[in-house]
Amino acid sequence: MENAEERAWRAFQEAFEGRPVLRGRAPGRVNLIGEHTDYNEGFVLPIAINRSVWVVARPRPDRRARLVAADFGESAEFSLDDLRPGSLSGWPAYPAGVAWALEEAGYRLPGLEAAVAGDVPIGSGLSSSAALEVAFAIVWIALGGYTVPPLELARRCQRAENGFVGVRCGIMDQMAALFGRRGHALRIDCRTLEVESVPFPAEAAVLVADSGVRRALAASAYNERRAQCEEAVRRLRARYPGLQALRDLTPDQLEAARPLLPDLLYRRARHVVTENERVQGAVAALARGDLEALGALLNASHESLRTDYEVSAPELDVLVEAARAVLGVCGARLTGAGFGGSVLALVRREAVAAAQEAMARAYTMRFRRAPTFFVVEPEEGATVTREAEPSR
Ligand code: GLA
């Protein structure tokens, strides 16, 4: 069967005469732990995964972008001269937003013809949108003849999503897509944007189960969570005047200031503050190769997301519970923004089949349909290459 890279290549040849000159690949990610901490300037621990978005492209002498999406059988066209936030919706908003954000920073881009395809499941919490942004960003920047540090590209892609698409996401997904390292997780400090790679133990597998649940209002619920965190910081300044972000609080400091917060905001803040501590614990557990300790932190993260942050869903809870009951499963939690999407289970390799079976059984019994499973491996971050022949 054709892989995503080959699909992109073929779609290009069918849509445009001749050949592409560049090929960009950007991976999706699974966040091991550190959920809803990135926009609070906290810590995250994602892996880039062996599922990617591919873009093959060539420049145009004018300022028009002509795009085809092989996986949707759709095309889109726009001019770089009239990009305005909100002027495009659906998948074309991501490449358009990237071009808009790059030009806003002073990079003058050429028009292009491009085809895109991917095997990152869409809307499942594995960051297909960041992969799409980053794949277009690296290709467009290369066509423009620029060399841009990956940190700056991550910021520009986040800007595209915040300012053009309208989701106030943090920077984790774009960082993971750019800085991924095979066999490693990435500890990212979302304030300083320092990235440290932490070896991921070979005996552990990351099993992802996609519930198939897609919540239409996920973007507005996400933005609402972010606003609640900002409101908590504003109120907490009555006691801690220099407070920049929830990242700056210890759990004890938050307890001491509890009377300043209505219960809802207190619980939102408690999730973030305790989750940051869990990330630090997870990094230490990984360094010791202590899968049980890591798993316990994943479990605690899910509980906190379910009860304090309220971003889980019954479908995710059923998958998580079923996984945890299996011998060889160290821990399980929802991954990504939540409100549907996927859970991840940290599983000893020999127990993957049993975990999958138990999750499928429990899920099908309760919801009368099956989840989709992927075992993902920590993979390298985004790359752009000339000579766009498919590499297989
Ligand atoms: C989405 C956002 C990220 C992050 C996660 C939650 O994936 O794009 O920036 O906030 O949700 O951890």
Side-chain angles (χ1 to χ4, degrees), residues 26-49 51 53 93-94 97-98 101 120-134 154-180 185-191 193 195 208 210 214-215 217-230 245-247 268-269 271-276 278-279 282 297-298 301-302 304-306 308-313 316 333-344:
R29 63 101 189 90
V30 167
N31 189 19
L32 295 178
I33 194 164
E35 219 65 85
H36 292 278
T37 47
D38 62 351
Y39 53 81
N40 290 298
E41 302 186 19
F43 302 97
V44 294
L45 188 63
I47 57 174
I49 59 174
R51 285 179 167 261
V53 169
Y94 294 90
V98 164
V120 187
I122 295 170
S124 64
L126 303 190
S127 278
S128 56
S129 40
L132 181 59
E133 290 155 16
V134 169
R155 284 205 178 93
R156 288 291 104 207
C157 289
Q158 183 196 18
R159 170 78 181 135
E161 198 153 337
N162 291 174
F164 196 92
V165 179
V167 179
R168 298 187 60 214
C169 67
I171 202 166
M172 162 170 68
D173 306 343
Q174 294 79 5
M175 290 290 284
L178 281 152
F179 288 88
L186 308 170
R187 177 209 188 260
I188 305 171
D189 178 332
C190 297
R191 169 171 283 166
L193 298 187
V195 182
V208 173
D210 181 355
R214 306 286 183 262
R215 195 173 133 188
L217 292 177
S220 57
Y222 180 92
N223 288 348
E224 178 190 78
R225 292 299 180 290
R226 187 168 176 162
Q228 288 165 345
C229 291
E230 289 164 355
L246 290 177
R247 138 75 177 268
R268 300 296 189 254
H271 165 70
V272 174
V273 168
T274 57
E275 184 80 349
N276 276 327
R278 284 186 288 271
V279 176
L297 290 163
L298 301 192
S301 169
H302 185 81
S304 176
L305 287 161
R306 186 172 70 79
D308 275 355
Y309 221 63
E310 297 180 282
V311 293
S312 191
L316 302 180
R333 58 182 288 275
L334 73 84
T335 185
F339 315 108
S342 300
V343 309
L344 79 85

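Start at 1 and go down the list; that is how both ligands and their atoms are numbered.
- Between the side chains of Arg333 and Ser301, at least one donor N or O sits under 3.5 Å from an acceptor N or O.
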Is there a salt bridge (Lys or Arg N to Asp or Glu O under 4.0 Å) between Arg168 and Glu230 once you walk through the steps?
CA-CA 12 Å; Arg168 298 187 60 214; Glu230 289 164 355; 2.8 Å; yes
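- Inspection of the Glu275 and Ser304 side chains reveals no N or O donor paired with an N or O acceptor under 3.5 Å.
- Defined by atom type and a distance below 3.5 Å, a donor-acceptor pair is missing between the side-chain atoms of Thr37 and Arg247.
- Checked for salt-bridge contact, Arg156 and Glu133 miss the test: no charged N lies under 4.0 Å from a carboxylate O.
- Panel note: side chain His302, backbone Leu334; a donor-acceptor pair is recorded below 3.5 Å.
- Protein residues lining ligand 1, listed by chain and number: Arg29, Glu35, His36, Asp38, Tyr39, Cys169, Gly170, Met172, Asp173, Tyr222, Ala337 [non-hydrogen atoms, distance under 4.0 Å].
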